[in-house]
Amino acid sequence: MTLRTVDQQLIESADAALASVVLDRLDLGTTATFEVRDPATERVIATPPDHSIEDALVALGRADAAGKTWARTTARHRSDVLHRAYDLLIEQKDRLARVITREMGKPLAEAYGEVQYAADYVRWYAEEALRPAGNFRENPVGGSTILTTRAPIGTTLLITPWNFPMAMATRKIAPAIAVGCGAVVKPAALTPLTTLVVAEIFVEAGVPADLVQVVTTKNSAGFSSALMADGRVRKVSFTGSTGIGSVLLGQAAEHVIKSSMELGGNAPLLVFDDADLERAVEGAVVAKLRNGGQSCVAANRILVQDGIADAFVEGFTEKMREAVLGNGLAEGVTLGPVIDDRAVRGFERLVADAVEHGADLRLGGSAPEGDGHFFEATVLDRVPETAEIANTEIFGPVASIARFGTEEEAIERANGTPFGLASYVFSENIDRAFDVADRLDAGMVGINQGIVSNVAAPFGGVKASGLGREGSGEGLEEYQEIRFYNLARRAR
Ligand code: SIN
């Protein structure tokens, strides 16, 4: 395990990127502030305004008014603006990547990856904005023609998480803008800075200044309940925990607001005896360590068939050992800090509990001394189902491996959770891979690979993992309402 030091020049360029962030985009004279800290050093890196509920309601009024005008622009205009935004986001990738790494911690190379992934949503929706949105059908008994169209749903409330501060913002903002909606965006209080830069770049690209309002606040619960009750919000899109998602769904039900909820996961990753070992090891490491394991699609329960288990665990542990822990700005670091101290304490508890229940600790298991919220890449093998880690969303660089005998057993264990976001299957037998994928309770299945995320794919889950889809054409429809015109025709 290594905790590398950061080159002074890089610190200066990251500081310059942070200093460039306009912290108060609402400009309402708010004096209260809150602290944003770098998880690698625990130092305060910014003090954005802690907007009040009154501020948020002003923001809502602005987005609502701007949205009414924006909804009347042409699809071509909205598409051109989003294309310009894509170009500017890529032009400013160095600045964005540094801000992401400083506020969220991920290694700089991964932050660049997130900038591209996030910008790709903007380009995708620049293209989708132009796709035909309606159809034409005949009344089966004659006498009329039915024309369907899709209208922008109205003002949207977009609540984003800290783990992908840029990609989760653009995955929601870009489709809203593409179809003609205004948005109030509330980034996570742990990572509000990237969203502020994204909003600034959108305005530079031609998005009206009032259309996307970024509200920074610590009072997440008060903020969402006030805005949901206001009457002007027609759509809420949230990425975060199932607990908070179900509170928001309750509020959405009360006020009849369309909802997309991208909630918790507990992804099983199944490795069958007939898997390609190298592919399975590579895929499992990516599915576990992407974003330091802080992803709702991270492999949470690695289930390996008995015949391949020893070889898999050997290869997987060796690959996990290669992770270089340290400040995400330092060269060569592949595993950054986790988001806060609570997360570190949680991993310590889960590892101790698993070992107490009989799991075999193959790698890591501790938090290094010193500043920052770090935790080693960790591998636990033979984790019994009674251990807490086998039944909880880990959200960090701790791999939990268990073994199974038969396909039936694997499917039963994979589905034995209230969640159903992502899952992964490794088998070189295409019939088996698809049969198993069909039987998994999941919105997304990675087959022989550890990544499911793609701008062209409908990201989302089943069961307690949420409602609705993001990305792809389906993600656009979440911001639209279907209406139809029933056109009288002469009888033939
Ligand atoms: C998430 O973890 O919330 C999203 C991950 C992704 O888009 O890949």
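Order of listing sets the numbers, starting from 1, for every ligand and every atom in it. Throughout, numbering of the chain's residues begins at 1 and tracks the sequence. As the structure is a computational prediction, the values presented were derived from the model and not from experiment.
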Hey, does the side chain of Thr191 reach the backbone of Pro165 with a donor-acceptor pair shorter than 3.5 angstrom? no
Qualifying side-chain hydrogen bond (donor to acceptor under 3.5 Å, both in side chains) pairs with a residue from residues 155-169, counting only residues at least two apart or across chains: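 Passing the test, one end in residues 155-169: Asp64-Thr155.
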Can you pull out every side-chain hydrogen bond (donor to acceptor under 3.5 Å, both in side chains) where at least one residue sits in residues 98-113? Sequence neighbours excluded, please. Ser13-Arg98, Asp15-Arg102, Asp38-Arg102, Asp94-Tyr112, Arg98-Tyr112, Glu103-Thr194, Lys106-Glu114, Lys106-Asn291
Among all residues two or more places apart in sequence or in another chain, which pass the side-chain contact (heavy atoms from CB on, under 4.5 Å) test with Glu348?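 side-chain contact (heavy atoms from CB on, under 4.5 Å) check on Glu348 returns Val344, Arg345, Ala367, Phe375.
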Assess the side chains of Tyr117 and Tyr121: does a donor N or O sit below 3.5 Å from an acceptor N or O? yes
For the residue pair Lys235 / Ser260, report whether a side-chain donor-acceptor contact shorter than 3.5 Å exists.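 Looking only at side-chain atoms, Lys235 and Ser260 do form a donor-acceptor pair, the distance falling under 3.5 Å.
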So which protein residues pack against ligand 1 under 4.0 Å, heavy atoms counted?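 Residues near ligand 1: Tyr117, Asn163, Phe164, Met168, Arg171, Thr239, Glu262, Arg290, Ser295, Cys296, Ser453, Phe459.
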